[in-house]
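Remember, it's a predicted structure, so these values are computed and weren't measured experimentally.
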Amino acid sequence: MAMAVATSKVLVLLVFVALGLVPGAFSYGWRIGRATNYGDASTGDPASFHSGSCGYGSLWGKGVDNLNVLAIPSKHPDFQWSCGSCYEVKCHPMTYKDNYGNVHHREHACYDPHRVITFAVTDCCPCHSNTQWCCGDMDHFDLSHHGFSQLAARHWGTFGIKYRKVACPWYVSLPKKHHYGHKRF
């Protein structure tokens, strides 16, 4: 009897993992990239994350009230059906080049390189209009200003990241779908 109960619990857990209901369960290996930010009122871009290419409209009440959202490059391998997907992101001290060849020393940019924040995809970082950052020689995420500021100070402008795709937390209620267009650019 005890064996049957234990087996049932394991099967239920496996079903939850398979359905993506256990955040972090599909924690693929960490990948290296870089991040910039958007949605900052001081730059005249206060709420662009509410009009992202995923077409969600206002994000209030959709489980991302903390506004930890990101724009994924249009050439990223996960782009096609990435709307509503989630990624764990952490700051990664490193030096790297942007797509114009400028070197960025960000070894001291991170508040805490071990802090992990989950971001939901709500927008696109289009390669055709942001060639310096969105696409090129390394992976890139354009993080909401709010999320960026939790990992590094705004004055850095960009920093290295480690990231991995994960199941979204239960409270994020964004349906998975295709990007509608590149409305921001």
Side-chain angles (χ1 to χ4, degrees), residues 23-24 27-28 30-54 56 58-60 62-79 82-99 104 106-127 129-166 168-169 171-172 174 179 182-185:
S27 301
Y28 308 111
W30 291 98
R31 297 185 64 175
I32 303 293
R34 62 181 170 235
T36 52
N37 73 94
Y38 73 113
D40 181 6
S42 70
T43 63
D45 187 27
S48 61
F49 38 77
H50 290 292
S51 60
S53 67
C54 292
Y56 294 124
S58 174
L59 297 174
W60 302 118
K62 294 182 180 168
V64 288
D65 294 347
N66 59 11
L67 300 177
N68 288 336
V69 297
L70 65 82
I72 191 169
S74 54
K75 290 191 178 173
H76 191 282
D78 295 341
F79 173 75
S82 61
C83 292
S85 297
C86 290
Y87 290 87
E88 288 181 335
V89 178
K90 59 185 175 180
C91 189
H92 180 59
M94 61 188 280
T95 296
Y96 54 89
K97 291 182 179 180
D98 61 25
N99 291 329
H104 299 272
R106 297 298 188 265
E107 296 87 352
H108 305 289
C110 306
Y111 290 138
D112 177 1
H114 303 290
R115 182 173 187 197
V116 177
I117 298 177
T118 301
F119 289 82
V121 176
T122 61
D123 205 353
C124 168
C125 190
C127 296
S129 61
N130 190 345
T131 56
Q132 183 177 11
W133 297 112
C134 291
C135 300
D137 64 336
M138 71 186 315
D139 290 344
H140 176 81
F141 285 151
D142 202 5
L143 306 177
S144 62
H145 175 67
H146 178 75
F148 182 101
S149 298
Q150 293 176 64
L151 297 171
R154 187 177 93 189
H155 75 271
W156 290 107
T158 178
F159 59 84
I161 60 171
K162 284 188 175 181
Y163 75 94
R164 61 186 173 185
K165 190 172 185 176
V166 296
C168 290
Y171 52 83
V172 174
L174 299 173
H179 291 262
H182 306 196
K183 297 177 184 178
R184 287 188 50 234
F185 298 92

Chi angles and distances behind the side chain to side chain contact (heavy atoms under 4.5 Å, CB included) call for Leu151, Val89: CA-CA 9 Å; Leu151 297 171; Val89 178; 4.1 Å; yes
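Phe159 and Phe148 have their aromatic ring centers within a separation under 6.0 angstrom. Note: Phe141 and Phe119 fail the aromatic proximity criterion, with ring centroids not under 6.0 Å apart.
By the 4.5 Å heavy-atom criterion applied to side chains, Ile32 and Lys162 are counted as neighbours. Side-chain contact between Thr118 and Pro169 is present, with at least one heavy-atom pair separated by less than 4.5 Å. With contacts defined as side-chain heavy-atom distances shorter than 4.5 Å, the pair Tyr111/Gln150 does not qualify.
The aromatic rings of Trp133 and Tyr96 stand perpendicular to each other, their planes meeting at an angle above 60°, with 30° marking the opposite boundary.
Remark: Arg31 pairs with Asp139 by the salt bridge (Lys or Arg N to Asp or Glu O under 4.0 Å) rule, at least two apart or across chains. Every side chain to side chain donor-acceptor pair (under 3.5 Å) that Asp137 has, sequence neighbours left out, goes to Arg34.
Lys75 NZ: 12 or fewer foreign heavy atoms inside a 6.0 Å radius.
Among Asp98, Thr158, Asp142, Asn130, the one residue that satisfies the side-chain hydrogen bond (donor to acceptor under 3.5 Å, both in side chains) test with Thr36 is Asp142.
Between Cys127 and Cys134, a gap of 2.5 Å or greater is found separating the two SG atoms.
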